[in-house]
Amino acid sequence: MAGKSQSLGKAIDNDTEVVVIVGSGAGGGTMAYELTRQGIPCVVLEAGPFLKPEDYENDEWAAFNQMAWLDARTASGSFRVARDFPNLPAWIVKAVGGSTTHWSGATPRFKQHEFKARTYYGDVDGANLLDWPITLAEMEPYYDRAEIAIGSTHRHGRPALPANNNYKVFANGAERVGYKYYATGPYGTNAEPYDGRPASIQDGFNFQGDKNTSKWSTAVREIPRALETGLCELRTESQAVQVTHDATGRANAVLYLDADGNLHRQAAKIVCVAGNSIETPRLLLMSASALHPDGLANSSGQVGRNYQRHTTGSVYARFDKPVRMYRGETMAGIIADEARLDTSRGFVGGYYMETLSLGPAFLAAFVEPGGWGADFTELMDAYANTAGMWIVGEDMPQETNRVTLNSRIKDKWGLPAADVHFDDHPNDVAMREHGYSRADLLYEAVGALGTHHTPPYPATHNLGTARMSARPEDGVTDSFGQTHDVPGLFVTDGSLMTTGAAANPTLTIVALAMRQADHIGEQFKAGAL
Amino acid sequence: MGSQSSFDENAKRCLTRLIQRAFPHSSFPDGPYTRTAESIVTQAEDSLPDKLNLAAGLASLDAAAGGSFADTDDAAADEIIAKMLDAPFFGFVRAISVVTLYNDPETWKLLGYEGASFDQGGYLHRGFDDLDWLPDPRIEEYDGPDQLVEVAPADEPSNEGAK
């Protein structure tokens with residue numbers, strides 16, 4: 001359903017060199033606000049439409065069709081998604097706000113040792129591990145700012161959300177198996193009015209965009225505020241297709257298509273690419289030039305590689321009494337006891353357990369892809385008495401897990417679709433199995449009649465395809481997200497992550513964007529840019 | 001075949017029976033299954049390969065039943081389906097069924113799901129926390145004497161030599 005490209009905010013001439021931000025999600029939206037409030041003009045190019053709270057649907061498939069990125073993509077490799085959902089490797093959003101529109105809200109920080117994965121995990125066979133070029137100590141002030149922007153519960157005086165039904169099962173099970181580090185957050189949805197937005201009404205539709213605006217997203221906070229500065233132009237339904245550079249090799253413009261397929265050029269002083277970890281490497285690869293024949297900023301060969309999707313799995317437990325997991329905040333329940341490094345468990349890295357609920361429409365699609373018959377309908381018949389959780393942990397970066405340009409499949413503009421190739425690392429499999437077994441014990445401790453292990457679905461956490469590195473040969477960007485090869489070209493999303501850690505990535509993406517924005521601001525003031 | 005539908009009433013009955021046995025819910029009446037069958041037929045009509053596969057698949061079900069698959073008993077139907085799992089038409093039927101049968105307000109209600117809630121004020125005052133068969137758990141983070149050991153002593157890099 002092609003709409004019309006819209007221009008919002010201050011009109012900026014195409015020939016005026018500004019900061020051009022590709023994408024308006026956690027990274028791009030934050031960057032737009034953090035730069036404009038420092039007085040730096042920006043043009044934001046967003047591939048999707050500006051959906052407003054009144055547009056969001058309390059209906060899983062309707063919302064999915066409204067906001068999911070459904071342009072041609074392919075999945076390959078041995079991971080099960082390639083078989084179950086061959087054209088949907090990732091479940092991310094194409095709209096203003098990006099995937100903050102459908103994120104559920106868990107905001108744990110990365111841990112000190114997770115910024116030094118190579119040092120702590122050692123030489124894991126088949127893994128392309130690397131220490132981050134920054135430390136937790138450097139990130140802490142930005143984590144504080146990000147939590148305050150998001151309004152994370154349990155942090156900076158923000159109260160906890162109450163226990164919903166799914167959490168009651170989850171937390172009681174946690175207590176009975178001896179877990180201690182469980183709570184209803186930290187979580188990016190208001191338990192009481194905050195920052196001009198109301199408290200949660202527990203409507204249960206986190207993944208569908210929050211009509212009540214209690215949930216933080218860049219569509220309800222950063223983008224409107226950036227527009228209010230009078231220094232930002234947001235162009236919707238504008239698909240970036242190439243980043244160009246001048247004769248000296250400096251980034252100087254972004255070419256993009258409007259909704260009707262007309263090609264435009266926006267001049268740039270700086271380009272920040274924030275299209276999420278599939279579109280970002282795709283754009284860099286499509287921007288190959290004589291100077292950069294293997295793709296822009298790809299002298300390391302690492303663009304598109306080390307694609308991570310987090311080690312995930314879900315467990316649904318059936319009880320003899322009602323749970324009604326769908327009532328209330330979807331993911332306001334986090335257990336951190338397994339988010340640690342202890343190789344006596346049989347794997348490096350850690351994982352979180354988080355409450356999860358799907359409606360029958362999505363549960364049927366994801367609970368057991370390919371399933372049918374009485375085994376399948378038993379799961380569905382138990383719907384009202386079912387509790388659910390998600391396991392989310394660190395997966396191993398592998399060079400062969402990568403985003404490439406598909407030479408055969410094109411998008412509607414004739415541009416090569418992204419292919420997402422992924423094989424599970426043995427460490428990922430061991431962690432997932434551990435998570436399943438611990439989830440079983442937890443639910444059995446509160447009387448589960450049975451549990452079902454749901455395999456990973458199309459990835460909501462997509463990371464690592466333009467990673468930061470201290471040395472140019474190991475990665476794509478420096479510690480501030482500027483590409484090693486192309487001055488003026490920054491990456492401003494989860495693609496930056498050198499390794500993925502266990503935590504949900506949004507908080508860290510926001511914190512990294514804030515740090516990057518401060519750096520760019522300082523460079524502007526110093527006249528260096 | 002000209003432009004006429006490839007699927008007559010007998011074919012639709014056969015398809016409905018297939019969906020009922022592939023997704024058997026004793027609580028579901030015929031309506032949701034019939035609507036799912038209609039949706040499958042509509043989508044098959046849009047694609048020649050899907051149409052041909054589905055028509056051939058339904059005919060093979062009838063052939064395996066020695067006449068009418070729609071009139072077989074449950075056990076016989078299940079035995080026939082078990083032999084058809086790898087046929088392309090079964091994958092097509094299953095894939096559409098799973099996103100149609102369970103995307104139906106009638107089946108939501110039967111499964112105990114209440115659908116849209118925002119316009120009723122969410123569940124804040126309508127039972128988001130009405131589970132009463134377990135004690136009310138702590139919602140705050142742990143603040144007791146222990147601290148999460150983020151790195152097991154044996155996994156400290158300084159202990160690398162000791163491993």
Side-chain angles (χ1 to χ4, degrees), chain A residues 58-61 111-113 119-120 122 154 160-165 167-169 171-172 174-175 180-185 200-205 211-212 321-324 326-328 336-337 339-344 359-361 363-365 370 372-374 376-377 380-381 383-384 446, chain B residues 21-27 78 81-82 85 90-91 94-95 97-99 101-104 107-108 110-142 144 146 148-152 154-157 160 163:
Chain A
N58 265 200
D59 178 304
E60 291 178 311
W61 282 119
K111 295 174 189 296
Q112 184 266 339
H113 68 275
T119 297
Y120 276 85
H154 301 81
L161 279 155
N164 63 27
N165 291 334
Y167 179 79
K168 287 186 182 183
V169 179
N172 274 286
E175 185 67 31
K180 293 191 181 78
Y181 306 98
Y182 64 84
T184 57
S200 167
I201 59 166
Q202 304 278 351
D203 77 357
F205 286 92
K211 293 179 80 68
N212 203 50
K321 301 181 196 70
V323 177
R324 298 191 182 93
Y326 58 88
R327 292 182 179 174
D337 292 67
R340 59 197 168 89
L341 172 61
D342 178 359
T343 53
S344 72
L363 191 68
W372 66 282
F376 181 86
T377 53
M380 299 304 299
D381 279 331
Y383 183 76
V446 279
Chain B
R21 289 316 304 159
F23 298 97
H25 290 278
S26 55
S27 62
D78 290 354
I81 294 170
L85 298 181
F90 185 77
R94 201 209 71 81
S97 295
V98 90
V99 298
L101 185 61
Y102 301 104
N103 195 29
D104 182 325
T107 62
W108 289 350
L110 293 164
L111 295 172
Y113 177 66
E114 297 164 88
S117 73
F118 177 77
D119 52 10
Q120 298 168 73
Y123 293 105
L124 187 60
H125 305 295
R126 296 191 310 126
F128 83 101
D129 61 350
D130 66 354
L131 185 148
D132 59 4
W133 50 271
L134 286 167
D136 283 336
R138 160 166 66 78
I139 58 172
E140 298 293 344
E141 293 176 299
Y142 175 79
D146 297 332
L148 179 70
V149 179
E150 293 188 355
V151 178
D155 289 310
E156 286 292 346
E160 192 66 22
K163 273 205 270 184

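Letters A, B, ... mirror the listed sequences (proteins, then strands); counts begin at 1. Predicted model only: the values in this text are computed from it and were never measured.
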NZ/NE/NH1/NH2 to OD/OE distance under 4.0 Å, A/Lys111 and B/Glu150
yes

Examine whether an atom of B/Leu110 lies under 4.5 Å from a heavy atom of chain A, and if so say whether it belongs to the side chain, the backbone or both; otherwise answer neither.
neither

Among the listed options B/Val149, B/Asp129, B/Leu124, B/Ile139, the residue most often paired with chain A at heavy-atom distances under 4.5 Å:
B/Ile139

For B/Asp78, is it the side chain, the backbone, both, or neither that has a heavy atom closer than 4.5 Å to a heavy atom of chain A?
neither

Pair count under 4.5 Å, heavy atoms only, with chain B: among A/Asn172, A/Asn164, A/Val323, A/Asp381, highest is A/Asn172

Among the options A/Lys211, A/Gln202, A/Glu60, A/His113, pick out the one with the most heavy-atom pairs lying under 4.5 Å from chain B.
A/Gln202

Looking at A/Asn58, A/Asp342, A/Asn165, A/Leu341, which has the largest count of heavy-atom pairs under 4.5 Å with chain B?
A/Asn165

Apply side-chain hydrogen bond (donor to acceptor under 3.5 Å, both in side chains) to A/His154 and list each qualifying residue two or more places apart in sequence or on a separate chain.
none

Pick from B/Arg126, B/Arg21, B/Glu140, B/His125 with the largest number of heavy-atom pairs that fall under 4.5 Å of chain A:
B/Glu140

Does any heavy atom of chain A fall under 4.5 Å from the side chain of B/Arg138, the backbone, both, or neither of them?
both

Residue pair A/Tyr182 / B/Glu141, side-chain donor-acceptor N/O under 3.5 Å
no

Pair count under 4.5 Å, heavy atoms only, with chain B: among A/Ala361, A/Ala183, A/Pro360, highest is A/Pro360

Gap separating the CH2 atom of A/Trp61 from the CG atom of B/Asn103, nearest 0.5 angstrom
8.0 Å

Less than 4.5 Å to any heavy atom of chain B: does that hold for the side chain of A/Asn212, its backbone, both, or neither?
both

Distance-only polar pair, side chains of B/Ser117 and A/Asp203, donor-acceptor under 3.5 Å
no

Heavy-atom cut-off 4.5 Å, strictly under: side chain, backbone, both or neither for A/Leu161 against chain B?
backbone

Please look at B/Ser97 and chain A and tell me whether the side chain, the backbone, both or neither of the residue comes under 4.5 angstrom of a heavy atom of that chain.
neither

Under 6.0 Å between ring centres, would you say that holds for A/Tyr383 and B/Tyr113?
yes

Flag for A/Tyr326-B/Glu114: side-chain donor and acceptor within less than 3.5 Å
yes

Leading residue by heavy atom contact count with chain A [cutoff under 4.5 Å; candidates B/Tyr102, B/Phe128, B/Trp108]
B/Phe128

Please list, chain by chain and in numerical order, all residues satisfying side-chain hydrogen bond (donor to acceptor under 3.5 Å, both in side chains) with A/Thr184, sequence neighbours excluded.
none

Interface moiety of A/Ala174 toward chain B, non-hydrogen atoms closer than 4.5 Å:
neither

Is chain A contacted by the side chain of B/Asp130, its backbone, both, or neither, given a heavy-atom distance below 4.5 Å?
both

May I ask you to decide whether A/Lys180 forms a salt bridge with A/Asp337, counting only side-chain N to carboxylate O separations under 4.0 Å?
no

Any donor-acceptor pair under 3.5 Å from A/Trp372 side chain to A/Thr377 backbone:
no

